[in-house]
Amino acid sequence: MSQLSFEFPDNSVKQFDDGITAEDIAKSISISLGKKAVAGKVDGKLVNNQEPLHKGGKIEIITGDSQDGLSVLRETAAQILKMAIANDFKNIQFGESEADEDGFFVDTDKPETQISVDQLSDLSKSMEKIIKQDLPIKVVELSQADALKLVDGDAYQAELIKENTIDGKVKFYEIGDFKSIAEGAVLASTGKVKIFKLLSVAGAYWQGKSSNPMLQRIYATAFNKQKELDADLAKRKEAHERDHRVIGNELDLFFVDPKVGAGLPYWMPNGATIRRTIERYIVDKEVAHGYQHVYTPVLANLDLYKQSGHWAHYREDMFPPMDMGDGEMLELRPMNCPSHIQIYNHHIRSYRELPLRIAELGMMHRYEKSGALSGLQRVREMTLNDGHTFVALDQIQEEFQRILKLMVEVYNDFDIKDYKFRLSYRDPENTEKYFDDDEMWNKAQKMLKGAMDELGLDYVEAEGEAAFYGPKLDVQTKTALGNEETLSTIQLDFMLPERFDLHYVGEDGKQHRPVMIHRGLVSTMERFVAYLTEIYKGAFPTWLAPHQVKIIPVSQDKHGDYANKINDQLRQLKIRSSVDTRAEKMGYLIRDAQTHKIPYTLVVGDEEVNGNSVSVRRYGEKNTESESLDGFVNEIQKDIASYSRNE
RNA sequence: GCCGUUUUAGCUCAGAAGGUAGAGCAUUUCCAUGGUAAGGAAAAGGUCCCGGGUUCAAAUCCCGGAAACGGCUCCA
């Protein structure tokens, strides 16, 4: 019998007989590991615990409590769900199914009526039955022809079979008389899945292409322990409470009125205060870093966007042009770059001016698809913290790194930590979506990657995520609900300078072509406020909080004057303070200040009037502290000056 | 845009077998004048998302539309 050689995570290498299973390998290491093992991972691919191995390689033993172990559990639960669906519904077809870090899903298609949310509880019961029977799950191999016969009439399965055929054969899971295409690894029997929950039903395009038919997707999750499921459900609930739309409503930050228009938010005074604070901060910051802030019109002649290429490549995201009746067509701008190009082009530029940094809080309009709109995260009118630097070829690297450094500085001020870099390239399969110049694309993409590598930063690479005019470095964050979104972005652009025939006069007295770097640091005001609301859970750091101080007199009659005096003094210092004059009990007013997440609540009564002091209660704390008025003013000013930093 | 669900007072939600609706909180007024998370009472507040149809009668049934929500696709 031939021998297989396996390398373990600790780099030790052991020999086993051909046909050994992951389970037996685990047992050979220790009895306890043998018990805990649920699957193996050979060269990064999950394999069933009982599957005979015929190839050596790097091996890992997967235990039930690991992330991979959870995937195996969920993959098993997905198979049980599929079997339950197949039992309960006739003529149902299956699309893809997948297990990931959040749970698992199964796609189905049923010609007449789709599976609805109401049927989830019945499906759960059917799954319970299958689990109770503790049916063994076997892996069987069928020839492609047999496999296709098995799924006769299910075009999706037929497609998947073709994708999964290796050497003319396809692996299937077999549970009783139910068979389903095998990918990844599953547990040995249905009884090993105990804790699961069917969560929701949603639509999903077959193979993720919007030109394909839409299938019904059932989302669900599974865990080893009830406690873990409970914790997960609690986390989902907490995420909902953190959702900027929920907090935005509670704290009266913004609203959207369908009568006026979807995706066109109204900023209430509280939200407007937060936004104004951010705007002032970022404009000051950029000016200090050599940016020249400008204002440019949100409307422009359509010809501008024909020249820029937006009309050709970006039209479906643009509002239809306004026909002015005299041959003039006006367009609401979807991006600010052409506007800033006009600023650049207004003078003859010298190499001495480069890098020329033009910035604006630029309002733009994009006709987002109705289904994509979401609170302040996805809107149709937005104001971008936009900036374009015009550089000479040999300045790209340095300017790129400068921008990145500035970005990190800004992130620190807002205490933003949870993000990752993504290099976004064009889709090589679908180049007609982009400006057509292979050489430019390759050059720009290589330059971006080179700059990131030189800084030694971690990033992921993603094809098909570029802007139509160039590749990007995107900073990806997650919303409360776990959806990924782009916050900041730096984009390299050789195209627009070409299209608008931009020049600068070089040291040699000749004309040269500049390169543009598009960059957004704090995203759009809409998305950024949404993001901050979620990471702070509505408890904005003092510098951003719409109401920074609430003063509560113990008795309106006796202490109202003192409260007003403090209030005036704080307002003189530009601190957002107010006195609660409502004729309510103190406890009520304090509760109100706390539920509105106001950073500082000051209670003033006889003691404070006599001692020229204040009783300070900070948001979220039960303790109060008596401080001199001067001491408090000093403290809050320091607090505001420190932004959101958490050092 | 697509699939599914939803839309009732400022907010969170009940309810309505077809006979024009209710709670809590918020608001206003009155009483209570208080020391760190809800004092009491009363009042006011509704095109039951919009349009059309069926009906003696529609908030409820039917058709169409809009918006929101969960996803998919797309994206700052």
Side-chain angles (χ1 to χ4, degrees), chain A residues 105 107 109 114-118 199-219 240 243 245-246 249-250 252 255-263 314 316-317 334-336 362 364 366-379 382-386 424 464-465 467 472 474-475 477 481 483-489 491 518 520-528 530-531 552-559 582-595 601-608 615-617 620-624 626:
Chain A
F105 66 77
D107 285 353
D109 192 23
Q114 306 283 14
I115 293 177
S116 73
V117 226
D118 309 331
L199 296 168
S200 60
V201 177
Y205 294 110
W206 165 237
Q207 290 177 326
K209 282 201 193 110
S210 56
S211 51
N212 281 343
M214 181 155 274
L215 311 182
Q216 293 304 113
R217 175 169 293 180
I218 298 176
Y219 280 100
H240 173 70
D243 191 316
R245 290 166 297 188
V246 174
N249 197 26
E250 286 167 358
D252 209 17
F255 69 92
V256 183
D257 183 353
K259 283 195 202 79
V260 182
Y314 203 71
E316 61 177 53
D317 292 283
M335 292 188 195
N336 307 309
M364 18 187 240
R366 297 183 183 175
Y367 191 77
E368 299 289 342
K369 303 224 160 47
S370 58
L373 300 174
S374 175
L376 286 181
Q377 267 151 2
R378 279 296 284 281
V379 292
M382 68 216 89
T383 298
L384 181 65
N385 161 230
D386 210 354
S424 303
E465 299 287 349
K472 315 188 278 177
D474 290 323
V475 181
T477 56
L481 294 186
N483 299 318
E484 195 174 278
E485 69 177 3
T486 303
L487 208 57
S488 308
T489 179
Q491 311 172 358
H518 308 238
L521 297 182
V522 293
S523 184
T524 60
M525 294 306 115
E526 288 75 13
R527 180 168 289 184
F528 198 61
Y531 177 74
I552 298 174
V554 173
S555 157
Q556 300 288 348
D557 292 342
K558 281 195 266 175
H559 316 116
R582 286 176 297 178
E584 292 286 351
K585 285 234 183 251
M586 243 186 69
Y588 178 91
L589 299 180
I590 286 167
R591 179 177 190 277
D592 195 62
Q594 290 293 309
T595 53
T601 304
L602 306 182
V603 174
V604 293
D606 286 342
E607 208 179 297
E608 286 73 21
S615 169
V616 182
R617 178 172 176 150
E621 288 180 20
K622 284 229 153 55
N623 303 340
T624 60
S626 183

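Note on naming: letters A, B, ... go to the chains in the order of the sequence lines (proteins, then strands), and numbering restarts at 1 for each one. Remember, predicted model here, so these are calculated numbers, not experimental data.
- For the pair A/Arg617 and B/A37, the criterion of a side-chain N or O lying under 4.0 Å from OP1 or OP2 is met.
- Under 3.5 Å, the side chain of A/Glu368 and the base of B/G1 form no donor-acceptor pair of N or O atoms.
- Evaluation of atom-type donor-acceptor distances gives a pair under 3.5 Å for the side chain of A/Arg378 against the base of B/C74.
- Between the side chain of A/Arg245 and the backbone N or O of A/Asn249 there is no donor-acceptor pair closer than 3.5 Å.
- Phosphate proximity of B/C72 to A/Ser210: absent, as no side-chain N or O sits under 4.0 Å from OP1 or OP2.
- As judged by a 4.0 angstrom heavy-atom cut-off over every strand, A/Arg366 is placed among the base-contacting residues.
- Judged by distance alone, the side chain of A/Ser374 and the main-chain N or O of A/Gln377 form no donor-acceptor pair under 3.5 Å.
- Between A/Leu215 and A/Val603, it is A/Leu215 whose nearest contact on RNA chain B lies nearer the 5' terminus.
- A distance of 6.5 Å separates CZ of A/Arg527 from CZ of A/Arg378, quoted to the nearest 0.5 Å.
- Donor-acceptor pairing under 3.5 Å, judged by distance alone, is absent between the side chain of A/Tyr205 and the base of B/G71.
- If you take CD on A/Glu485 and CG on A/Asp474, they are separated by 11.5 Å, rounding to the nearest 0.5 Å.
- Neither OP1 nor OP2 of B/A32 sits under 4.0 Å from any side-chain N or O of A/Tyr588.
- Contact annotation: A/Arg245 side-chain N/O to B/G70 OP1/OP2 distance is under 4.0 Å.
- Contact of A/Ser523 with B/A76 (side chain to base): no donor-acceptor pair of N or O atoms is detected under 3.5 Å.
- Side-chain nitrogen and oxygen atoms of A/Lys472 include at least one within less than 4.0 Å of the OP1 or OP2 phosphate oxygen of B/A76.
- The residue among A/Asn483 and A/Gly261 whose nearest nucleotide of RNA chain B lies closer to the 5′ end is A/Gly261.
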